[in-house]
Amino acid sequence: MKAQIKPRINLEGRTPLETVIPLSTPFVVFVDPASACNFQCTFCPTGHRDMIRDTGRYQGAMRFELFTKIIDDLDAFERPIRVLRLYKDGEPFLNKRLADMIAYAKASGRVEYIDTTTNGTFLTPDRLGPVLEAGLDKINISVDGMTNGQYRTFTGFDFDFDRFVANVKWLYANKGNCEVVVKIPGELITSEQRQEFYDTFGDHCDRIFIENFAPCWPEFDIEAHTGIKITGGIYQQPISQTDTCPYIFYSVSVNADGLVSSCFLDWGRKLVVGDVKRDSLRSIWASDALNSLRLQHLEGRRCENAVCNACGQLSHCLPDNIDAHRPQILERFRAALAGAGALPVAAE
């Protein structure tokens, strides 16, 4: 097998966050090319269209003019962002200008790395070619079964699995410098199909991994919706409790309609801290709304926030833990807020 058995997230070589918080420039900016999805997965809030309707959430593709405004906003930061993550709630390839988005961001000089995650429906050569040419650095492919029948059961979609496999093979053969990652939730397949998964994709990607389901979305009971009991971490790591969310200190998420969430898991739009149609991304990053949430976490009051209190991401998925460093981070953060009104440039 050519591929490494390795999670999609880089667990090694991570920056110790306690040495750089507060950050004047986010490490990661999530931008959602499309908030809708053609799948109706039982294990994902976006798949429950009645629930999404109840939130009043915009369902559609991001306008290209809005995307270019977001990228142009990055000029106000001290340095380029490390990662532009072109996914959040929906299927990115539903936005027909995805390749144009990648090309524009690459040409800006304000983005070091671009990745995306897809359900694989649109991985045809005619859709992939422009995306690869535009300079995509990594593509995470979510596999949701090993047969057409399993896809119908878990995604509600009539999926052509054999064509999908052929498209993944084409992608790997033509990927250039793009890293190809293939992953599957182990709960969706039988024990016998685990080896079949490796045999099918292992020679046609750079990384491959069998993940676990995780209760990552706040206020969404994945066990109730799937009937599957969760017993471990998403990357097969032990479950451990964490009090302080690190994501709000190094990332921010722009939804497909321009509303900005403090959290990439904010499917219900309950953690909105700004709107890039009206405000600059830099002003939102340093806003009272986002800083108040950060202080709430640093002061040990996360459980006072109804949304953050119910987040399983902190126990089942978290790659960083800053709990032990909270007092010194809080001191630096308060000093920054009391200073010139802007967060200082952090040393890399």
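Start at 1 with the first residue, then count along the sequence.
Centroid-to-centroid, the aromatic rings of Phe93 and Phe122 stay 6.0 Å apart or farther. Taking the ring centroids of Tyr250 and Tyr247, they lie under the 6.0 Å cut-off.
The two residues Ala34 and Leu94 come nearest to each other via the heavy atoms CB-CB, 4.1 Å. Shown here for Tyr87 and Phe30, the closest heavy-atom pair between the two residues is O-CD2, 3.5 Å. The shortest non-hydrogen separation linking Met51 to Phe220 is CE-CD1, 3.7 Å.
Summarising the hydrophobic clusters (Ile, Leu, Val, Met, Phe, Trp, Tyr; side-chain heavy atoms under 4.5 Å, direct or chained), the residues clustered with Ile239 are none. Taking a 4.5 Å side-chain heavy-atom cut-off between Ile, Leu, Val, Met, Phe, Trp and Tyr, the cluster of Tyr58 contains only that residue.
Here the options are Lys183, Lys2, Lys175, the test is salt bridge (charged side-chain N to carboxylate O under 4.0 Å, His left out), and the partner is Asp206; only Lys175 passes. Considering Arg326, Arg294, Arg334 in turn, Arg334 is the only one that fulfils the salt bridge (charged side-chain N to carboxylate O under 4.0 Å, His left out) rule with Glu299.
Every side-chain hydrogen bond (donor to acceptor under 3.5 Å, both in side chains) that Asp323 has, sequence neighbours left out, goes to Thr244. Applying the salt bridge (Lys or Arg N to Asp or Glu O under 4.0 Å) test to Asp144 and every residue at least two apart in sequence or in another chain returns nothing. Applying the salt bridge (Lys or Arg N to Asp or Glu O under 4.0 Å) criterion to Lys270, with sequence neighbours excluded, gives Glu219.
Contact of the Met62 side chain with the Val31 side chain is registered, since non-hydrogen atoms from C-beta on lie closer than 4.5 Å.
In this structure, the separation between CG on Asn38 and CZ on Phe157 is 4.5 Å, given to the nearest 0.5 Å.
The pair Arg194-Asp199 fails the salt-bridge criterion, with no side-chain N (NZ, NE, NH1 or NH2) lying under 4.0 Å from an Asp/Glu carboxylate O. Using a 4.0 Å cut-off between charged nitrogen and carboxylate oxygen, Lys6 and Glu12 count as a salt-bridge pair.
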**Prompt:** Checking ring-ring contact (aromatic ring centres under 6.0 Å, His included) for the pair Phe43/Phe154: CA distance, chi angles, key distance, verdict?
**Reply:** CA-CA 8 Å; Phe43 46 86; Phe154 293 113; 7.1 Å; no

**Request:** Could you check Glu91 against Thr118 for side chain to side chain donor-acceptor pair (under 3.5 Å), going step by step and ending with a plain yes or no?
**Result:** CA-CA 6 Å; Glu91 168 51 47; Thr118 176; 2.8 Å; yes

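Residue pairs meeting the salt bridge (Lys or Arg N to Asp or Glu O under 4.0 Å) criterion with at least one member in residues 26-51: none, sequence neighbours excluded.
Residues Leu259 and Val29 fall into different hydrophobic clusters, defined by Ile, Leu, Val, Met, Phe, Trp and Tyr side chains chained together at heavy-atom separations under 4.5 Å.
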